[in-house]
Amino acid sequence: MGKDVIVACDFSSAAEVYKFLDHFGEEKPFVKIGMELYYAEGPQIVREIKKRGHKIFLDLKLHDIPNTVGKAMKVLSSLDIDMCNVHAAGTADMMRAALEGLKRSDGSRPLLIAVTQLTSTTEEKMQAELLIDRPLSEVVAAYAKLSASAGLDGVVCSPLEAGTVHENCGKGFLTVTPGVRFAGGEKGDQARVTTPEKARELGSDYIVVGRPITQADDPVEAYKRCVKEFVG
Ligand code: C5P
């Protein structure tokens with residue numbers, strides 16, 4: 001599986017995202033579309049960006065009963081996306097239903113990765129509010145293993161957790177990692193960050209990079225720098 005940089009297109013309208021993508025010529029970055037853009041513009045935004053030649057990670061983090069998630073995934077798969085995700089907390093049954101729903105008639109399907117615990121969930125909150133009485137790192141490892149056993153392709157995690165995930169779930173189990181910043185760059189609201197180069201050393205398979213590219217004076221140059229540092 002080749003390493004790649006996924007650009008988080010956290011824009012609130014189609015006009016903004018097209019303006020951003022117009023900077024790129026022949027280069028067609030793998031892009032992440034999140035809830036804000038998808039809910040604002042609907043499935044058409046996915047079709048349009050796909051038509052422009054980009055691979056798409058649709059980051060909608062599904063979590064519902066297996067039947068509902070399976071049917072929703074069938075719809076998303078028909079949009080010709082390349083990667084999507086669910087919450088592992090939906091259980092192995094839900095994850096298997098998601099995989100089943102994603103299968104296309106030609107046998108292909110988008111990659112499916114799981115969210116273990118959101119990075120906004122602290123160990124304290126997880127224990128006090130979700131009544132999960134274990135260390136957070138143990139929960140992340142267990143949810144990753146559950147996802148692997150259900151047949152998923154990988155998890156979203158910090159580059160700092162990529163090694164542990166690979167140890168627990170195998171080298172081929174994908175780690176898709178946000179929280180990446182250039183050396184000396186702004187951290188924004190990300191607490192624990194690593195550089196693209198460090199993420200590569202730690203074994204990340206895909207890095208998800210938003211503002212360091214989308215807010216750069218020269219987004220194409222920032223993207224190329226990221227690819228050079230991460231992919232080599
Ligand atoms: O702008 P920035 O590089 O921080 O963007 C990172 C992207 O990855 C955002 O779309 C953010 O929502 C997403 N993300 C994250 N941390 C997670 C999961 C997703 O930053 N644990």
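Remember, it's 1-based here, ligands and their atoms both numbered in the order they're listed. All figures in this text were calculated on a predicted structure; none of them were measured in a lab.
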So if I count the atoms of ligand 1 from 1 in the order they appear, which ones are less than 4.0 Å from some heavy atom of [X]?
{"X": "Ala8", "value": "7 (C), 10 (O)"}
{"X": "Arg181", "value": "1 (O), 2 (P), 3 (O), 4 (O)"}
{"X": "Arg211", "value": "1 (O), 2 (P), 3 (O), 4 (O)"}

Between [X] and [Y], does at least one N-O distance fall below 4.0 Å, as a salt bridge requires?
{"X": "Glu221", "Y": "Lys224", "result": "no"}
{"X": "Arg109", "Y": "Asp153", "result": "yes"}
{"X": "Lys50", "Y": "Asp82", "result": "yes"}
{"X": "Lys19", "Y": "Glu16", "result": "no"}
{"X": "Glu129", "Y": "Lys125", "result": "no"}

Any N or O on [X] sitting closer than 3.5 Å to an N or O of ligand 1?
{"X": "Gly210", "result": "yes"}
{"X": "Asp59", "result": "no"}
{"X": "Lys32", "result": "yes"}

Using the ring centroid of each side chain, check whether Phe57 and Phe30 are separated by less than 6.0 Å.
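So the answer is no for these two rings.
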May I ask you to identify, for Pro212, whether its side chain, its backbone, both or neither come under 4.0 Å of ligand 1 on a heavy-atom basis?
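The answer is the side chain of Pro212.
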Is it true that Met94 and Met83 fall in one hydrophobic cluster, defined by side-chain heavy atoms closer than 4.5 Å?
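No, it is not one cluster - the side chains of Met94 and Met83 are not joined through contacts under 4.5 Å.
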Same cluster (ILVMFWY, side-chain, under 4.5 Å), Tyr206 and Val7:
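Result: no, two separate clusters.
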Shortest protein contact, [atom] (heavy atom only):
{"atom": "atom 21 (N) of ligand 1", "result": "Thr119 OG1, 2.9 Å"}
{"atom": "atom 10 (O) of ligand 1", "result": "Asp10 OD2, 2.7 Å"}
{"atom": "atom 6 (C) of ligand 1", "result": "Gln190 NE2, 3.8 Å"}

Only heavy atoms count here, so choose which of Gly34, Pro178, Ser158 is nearest to atom 19 (C) of ligand 1.
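Closest candidate by heavy-atom distance is Pro178.
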Answer with yes or no whether Gln215 contacts ligand 1, where contact means a heavy atom under 4.0 Å from a ligand atom.
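Distance cut 4.0 Å: Gln215 fails for ligand 1.
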